[in-house]
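So the structure is just underneath, and the comments pick up after that.
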Number of protein chains: 2
Amino acid sequence: MPFTLIAMLRTAPSDSFRTGSLASVLETEIERLILAGTIQPGERINENQLAARFGTSRGPIREAIRALEGAGMVEAIPNRGVFVRTLSVGEVREVYDVRAALFGLAGRLMADRATSGDVETLDDFIARMEAAASALDFESYYPLNLAFHAFILDACGNATLAAEYKAFVKRLTLFRARSLVQGGGLGVSNREHREMVEAVRARDAQWAHDAHWRHVINAKNRLLAVVRAEEAAVEVPSAGGTHGDDQTSGR
Amino acid sequence: MPFTLIAMLRTAPSDSFRTGSLASVLETEIERLILAGTIQPGERINENQLAARFGTSRGPIREAIRALEGAGMVEAIPNRGVFVRTLSVGEVREVYDVRAALFGLAGRLMADRATSGDVETLDDFIARMEAAASALDFESYYPLNLAFHAFILDACGNATLAAEYKAFVKRLTLFRARSLVQGGGLGVSNREHREMVEAVRARDAQWAHDAHWRHVINAKNRLLAVVRAEEAAVEVPSAGGTHGDDQTSGR
DNA sequence: CCATCTGAAAGTGTCGACAATCCCGTTGAC
DNA sequence: GTCAACGGGATTGTCGACACTTTCAGATGG
């Protein structure tokens with residue numbers, strides 16, 4: 001099974017063109033393993049094992065891992081190996097705050113640059129998400145939500161921003177219970193989506209910024225609330241107020 | 001000369017502890033070469049040459065380069081080599097916008113979290129920069145300015161944000177005339193600094209965000225103005241209005 | 001019974017060599 | 001004279017092997 005894997009990947013239909021350099025293929029592939037949870041956060045990455053799995057030598061594997069390290073997905077400890085990063089609650093909060101800032105910028109740019117066609121597409125997304133939400137169809141809601149966010153990033157006209165935002169979203173997968181990350185009430189989330197689109201339609205940059213920013217901050221607070229409740233349930237029911245507040249100033 | 005270089009670096013006084021893994025040393029070292037302009041933007045990076053220069057084999061060099069690729073400092077083209085990235089004017093604008101969003105967040109966080117000691121330190125920076133500015137002492141103003149910004153990032157309590165911001169600042173070095181990047185009237189810049197600190201002192205998160213954000217946006221506009229003037233001087237003096245506007249909505 | 005030493009196994013760090021690819025000046029044909 | 005095929009040289013891509021470090025289990029001594 002391992003031997004033909006690489007041959008397949010290098011001519012894979014996914015990226016088809018310019019697949020080049022084994023290392024870059026391996027990078028995506030190892031990232032996939034991490035994102036899928038095959039290699040769990042905190043786990044050590046075994047170079048020999050991966051090399052055997054993909055049927056290559058360790059050279060390209062090491063290069064791929066180094067690239068992932070730059071992306072903040074893994075952490076290398078000299079002579080000990082590289083480990084899949086784990087995000088503490090504090091780091092999750094940090095990432096969410098950065099994400100909020102970036103998404104706020106995306107909103108601002110959308111208000112400035114979105115074409116009427118873009119706004120139509122956004123409306124369409126909203127409608128479809130609303131349908132899925134009222135039908136409680138979680139299965140189709142989640143990918144729609146993802147596509148909605150991705151569309152905003154791609155349409156806002158700042159490729160640097162888009163790349164960075166996506167990298168941060170990926171990082172959130174490294175939080176222990178990543179199932180929670182995508183959580184958050186469908187209805188609430190969609191109400192926020194509607195405001196975002198309204199602000200863009202109105203070409204109000206400040207409003208759009210705030211709406212987009214708040215959307216992420218609210219997601220952060222919903223997540224942190226769940227985490228905190230979870231922790232409190234485990235702890236001895238005494239004075240266990242975790243740490244400081246979590247709203248990064250509500251404007 | 002090359003043979004002892006690595007031995008020196010690995011026990012260098014700079015990082016002293018846990019220098020480990022040649023690759024990470026080489027990463028900083030190659031980055032230094034790029035930042036210093038020894039390897040110019042757009043130039044190809046020759047693996048053999050670097051290996052000879054540092055007295056190592058190509059393996060660690062390749063790993064270091066892959067890490068730099070992840071950081072957005074170089075760009076790899078399969079079977080052609082890796083090139084030091086060059087930033088177009090458009091990309092510079094993108095990077096500045098992202099920087100502004102990140103710095104705005106730093107300002108917001110400072111307003112929430114800065115200790116009175118932090119504010120004192122900020123005041124001190126302002127005073128020293130003002131002294132340097134009125135003495136027209138550019139040599140000492142620039143590092144102070146850098147340290148001022150670095151302090152804000154470190155004190156705002158979000159390490160993820162700090163790392164990301166610093167990476168973006170580094171990227172700006174890849175713009176052709178990086179001399180312009182640090183430019184911008186001393187006096188104007190310092191007026192903006194004062195407002196930033198005032199907002200933090202007042203614990204006004206929104207004001208602090210806006211002041212920090214505007215500081216970067218203004219720097220962007222100053223740079224773009226110079227670039228545009230430069231371009232206009234070269235072009236035929238006819239209708240040559242470059243491209244769109246540059247203010248990302250002035251609030 | 002616990003602490004310490006020791007050595008083998010596992011795994012990372014680095015190297016030199018070979019294969020594949022690309023670049024560029026040259027040759028040849030039309 | 002221009003264009004296309006064609007090598008030689010340089011450079012990247014990949015591999016297998018060796019050196020060094022860490023880890024862990026078992027032996028040894030208190």
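A, B, ... follow the sequence lines: proteins, then strands. Residue 1 opens every chain. Atom set for the values below is all heavy atoms of this structure, side chains included, hydrogens, waters and symmetry mates excluded.
Applying the side chain to side chain donor-acceptor pair (under 3.5 Å) rule to Ser57(B) yields no partners; only residues at least two apart in sequence or on another chain are considered. Scanning for side chain to side chain donor-acceptor pair (under 3.5 Å) contacts around Asn48(A) gives an empty result, with sequence neighbours left out. For Thr28(A), the side chain to side chain donor-acceptor pair (under 3.5 Å) test picks out no residue, with sequence neighbours left out. Applying the salt bridge (Lys or Arg N to Asp or Glu O under 4.0 Å) criterion to Glu63(B), with sequence neighbours excluded, gives Arg62(A), Arg66(A). Among residues two or more places apart in sequence or in another chain, the side-chain contact (heavy atoms from CB on, under 4.5 Å) test is passed with Glu27(A) by Ala64(A), Ala67(A), Leu68(A).
If you measure from atom CG of Asn48(B) to atom C1' of dA10(D), you get 9 Å, rounded to the nearest angstrom. Going from atom CD of Glu27(B) over to atom P of dG13(C) covers 14 Å, rounded to whole Å. With rounding to whole Å, Ile61(B) atom CD1 is found 14 Å from dT11(D) atom C1'. Across the protein-nucleic acid pair, Phe54(A) atom CZ and dT14(D) atom C1' stand 16 Å apart, rounded to whole Å. Between the CZ atom of Phe83(B) and the C1' atom of dC23(C) there is a distance of 11 Å, given to the nearest Å. We find that CD of Glu43(B) is positioned 13 Å from P of dT11(D), with the value rounded to whole Å. In this structure, Glu63(A) places its CD atom 8 Å from P of dG13(D), rounding to the nearest Å. Rounded to an integer number of Å, the gap from Ile77(A) CD1 to dT23(D) C1' is 14 Å.
Listed by first then second residue, pairs satisfying side-chain hydrogen bond (donor to acceptor under 3.5 Å, both in side chains) with a partner in residues 77-88 of chain A read Arg85(A)-Glu91(A), Ser88(A)-Glu91(A), not counting sequence neighbours. Residue pairs meeting the salt bridge (charged side-chain N to carboxylate O under 4.0 Å, His left out) criterion with at least one partner in residues 139-151 of chain A, sequence neighbours excluded, are absent.
Regarding contacts with the backbone of dT12(C), every side-chain N or O of Arg62(A) stays at 4.0 angstrom or more from both OP1 and OP2. Distances shorter than 4.0 Å separate none of the side-chain N or O atoms of Asn46(B) from OP1 or OP2 on dA10(D).
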Contact list (N/O, under 3.5 angstrom) for nucleotides 17-22 of chain C vs protein:
none

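Using a 4.0 Å heavy-atom criterion, one finds that Ile65(A) contacts no nucleic acid atom at all. Among the protein residues, Ile45(B) comes within range of the sugar-phosphate backbone only, with heavy atoms under 4.0 Å from sugar or phosphate atoms but none that close to a base. Using a 4.0 Å heavy-atom cutoff across all strands shown, Gly81(B) reaches sugar-phosphate atoms only and no base atom.
Of the charged side-chain nitrogens involved, none lies within less than 4.0 Å of a carboxylate oxygen, so that Lys166(A) and Glu31(A) do not count as a salt-bridged pair.
Each end of the helix from dC1(C)-dG30(D) to dC30(C)-dG1(D) yields a helix axis from five base pairs, and these two axes differ in direction by 0° (to the nearest 10 degrees).
Side-chain atoms of Asn221(A) never come within 3.5 Å of backbone atoms of Asn218(A) as a donor-acceptor pair (strictly under, hydrogens ignored).
For Arg44(A), the side-chain atoms get nearest to dT12(C) when compared with the rest of dC15(C), dC15(D), dT12(C).
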